[in-house]
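Here the structure is laid out as structure tokens; the discussion comes afterwards.
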2 protein chains.
Amino acid sequence: MARNIRTREGGRREEIATAAARLFREKGFSGTGMRDLAGSVGIEAASLYNHIDSKAGLLREICFRIADDCSTHLRDLEATPGLDSLRRLESITRFHVRMWIERLDEVLVATNEFRSLEEPWLEKFLHERRIYMRQVEGIISQGIREGLVRPLEPYVVVLTIMSAVRGIEFWHRSRKNVSAASLEESMVDLIVNGIRNDTDGTSDTHGPALP
Amino acid sequence: MARNIRTREGGRREEIATAAARLFREKGFSGTGMRDLAGSVGIEAASLYNHIDSKAGLLREICFRIADDCSTHLRDLEATPGLDSLRRLESITRFHVRMWIERLDEVLVATNEFRSLEEPWLEKFLHERRIYMRQVEGIISQGIREGLVRPLEPYVVVLTIMSAVRGIEFWHRSRKNVSAASLEESMVDLIVNGIRNDTDGTSDTHGPALP
DNA sequence: CAATCCCGCTAACAGTCGTTAGTGCGGATA
DNA sequence: TATCCGCACTAACGACTGTTAGCGGGATTG
């Protein structure tokens, strides 16, 4: 058990958690050693245990912080009146884009490394994610019924929205000339409106099937 | 060095490579032990080395097979005459969708675990990926110039297309009631046309910014 | 000033890692 | 029949894994 539970300011602990998120992202959970983590905050491996309980606990913290933030946003959004389902979808998309822009390390760990969670946490995490996706799927179905959203397979739409934002990982590496604000707008716009230019009103999706 | 280089049929070797792809996907490269891999093909860990060179070699094989298949498809596509840039983009999207549907293990390893490649392979892999994305970006830019593609940030469009298909990973777990064919059509349609229903011709993207 | 406690350290643990060496069985080859 | 070779085995290697025990210095508290 970590000894400094009652520490007045957990500055060191937060520093460790931040470094863990970065390392878990870069090298994976099982690819990251406690000696790596310790070195990245300038202490010895054993000293980490003055601040944390275990390596698994660090992963758990990161994963569930992200999961909680997602479900909190969704709950707030559903409590907001006066929004049609398309606007709700846009808000959800925008929320995910911002998470990926502002908290890449944590989000990537929660997305890629959650599988290293131990039971019963793994099951709990998967359960919460399933609930979340099901709720978003409900909003999409509603949008389709209302005629605001194109009549696509709702399940596929959830998958696509929640995956499309993962492209931001690349952006983070090679910033190019695209600002965060421009990235956000382009990506939300792209998901909502697609890539095809429809100014001429043509509704034909595409020609014959391609290889 | 593996002893069976001159084996007439490398059935066992292929079996190992397939099992490796599945394990690397499920548990990550560094989370997978040679004893896990050996057990999954029914032999002892040391016996693996009658067929393969090293664990790192297995990863290298998987990653570069996928990379090669991608660049081959792109080369073939560019050699195909009579396709406008929107159709080319659709073909690229469809190709990625199919790869994710039919070869999930390998594709996921190449996408998530490539970071465990050793130099100089890691750099080579990243280089090839950069080249590939730049070529696709070129097609998008051309589509925008021709008025076939909406005037979005081309870089963001590449990122989004190549990431959106990752949603197929979820689909693989919980098949739900969506067939592979329906998934492919929905996803290509979604990326090309977006989620918004534009039958009324309204071109206003969205209202005021949302939280 | 004395007592407490945070927090770094070294040493060590039991276990696992990828990999090599060497052995022997069984079928194909000469 | 004698020889070879593919392929599985056991045993073992040095390095590395997450974690615990215990020590001591320095700041904080009574």
Minimal heavy-atom distance between B:Val109 and B:Ala21, with the atoms involved, is CG2-O, 3.5 Å
When rounded to whole Å, the CZ to C1' distance for the pair B:Phe24 and C:dG18 reads 12 Å
### Query
OP1 or OP2 of C:dG8 less than 4.0 angstrom from a side-chain nitrogen or oxygen of A:Arg12, does that happen here?
yes
Answer yes or no on whether B:Arg129 is positioned over the face of B:Phe114, meaning its NZ or CZ is under 6.0 Å from the six-membered ring centre and within 45° of the axis.
-> yes
Atom CD1 of B:Ile52 and atom P of C:dG18 are separated, to the nearest Å, by 10 Å
B:Leu48 atom CG is separated from D:dC9 atom C1', nearest whole Å, by 13 Å
Less than 4.0 angstrom between a side-chain N/O of B:His51 and OP1 or OP2 of D:dG6, yes or no?
no
To the nearest angstrom, the CG-C1' distance between A:Leu59 and D:dG18 comes to 14 Å
Nearest-nucleotide check on DNA chain D, B:Arg35 vs A:Gly33; residue mapping nearer the 5' end is B:Arg35
Taken to the nearest 0.5 Å, the spacing of A:Arg103 CZ from A:Ile62 CD1 works out to 11.0 Å
Pair B:Asn50-B:Arg13, side-chain donor/acceptor within less than 3.5 Å: no
>> Heavy atoms only, 4.0 Å cut-off, all strands: where does A:Ala56 land among base, sugar-phosphate and nothing?
In response: nothing
(request) Please confirm whether any donor atom in the side chain of B:Asn50 sits under 3.5 Å from an acceptor in the base of D:dG6, or the reverse. (result) no
Per atom distances to the B:Ile43 side chain, the nearest of D:dG18, C:dC17, D:dC9 is D:dC9
Looking only at C:dC9, D:dG18, C:dG18, the nucleotide nearest the B:Tyr49 side chain is C:dG18
Here the distance between atom P of D:dC7 and atom CZ of B:Arg13, to the nearest Å, is 12 Å
So, A:Asp189 side chain and A:Ser186 main chain: donor-acceptor pair closer than 3.5 Å or not? no
Separation of D:dG18 atom C1' from A:Asp53 atom CG, nearest Å, is 14 Å
Whole-Å distance, B:Glu44 CD to C:dG18 C1', equals 15 Å
**Asked** B:Ser30 near the nucleic acid: base, sugar-phosphate alone, or nothing, with a heavy-atom cut-off under 4.0 Å?
**Response** nothing
Does B:Ser47 place a side-chain N or O at less than 4.0 Å from the phosphate oxygens OP1/OP2 of D:dC9? yes
Rounded to whole Å, the CE-P distance (B:Met34 to D:dG14) equals 20 Å
Testing C:dG18, D:dA21, D:dC9 for proximity to the side chain of A:Ala46, the answer is D:dA21
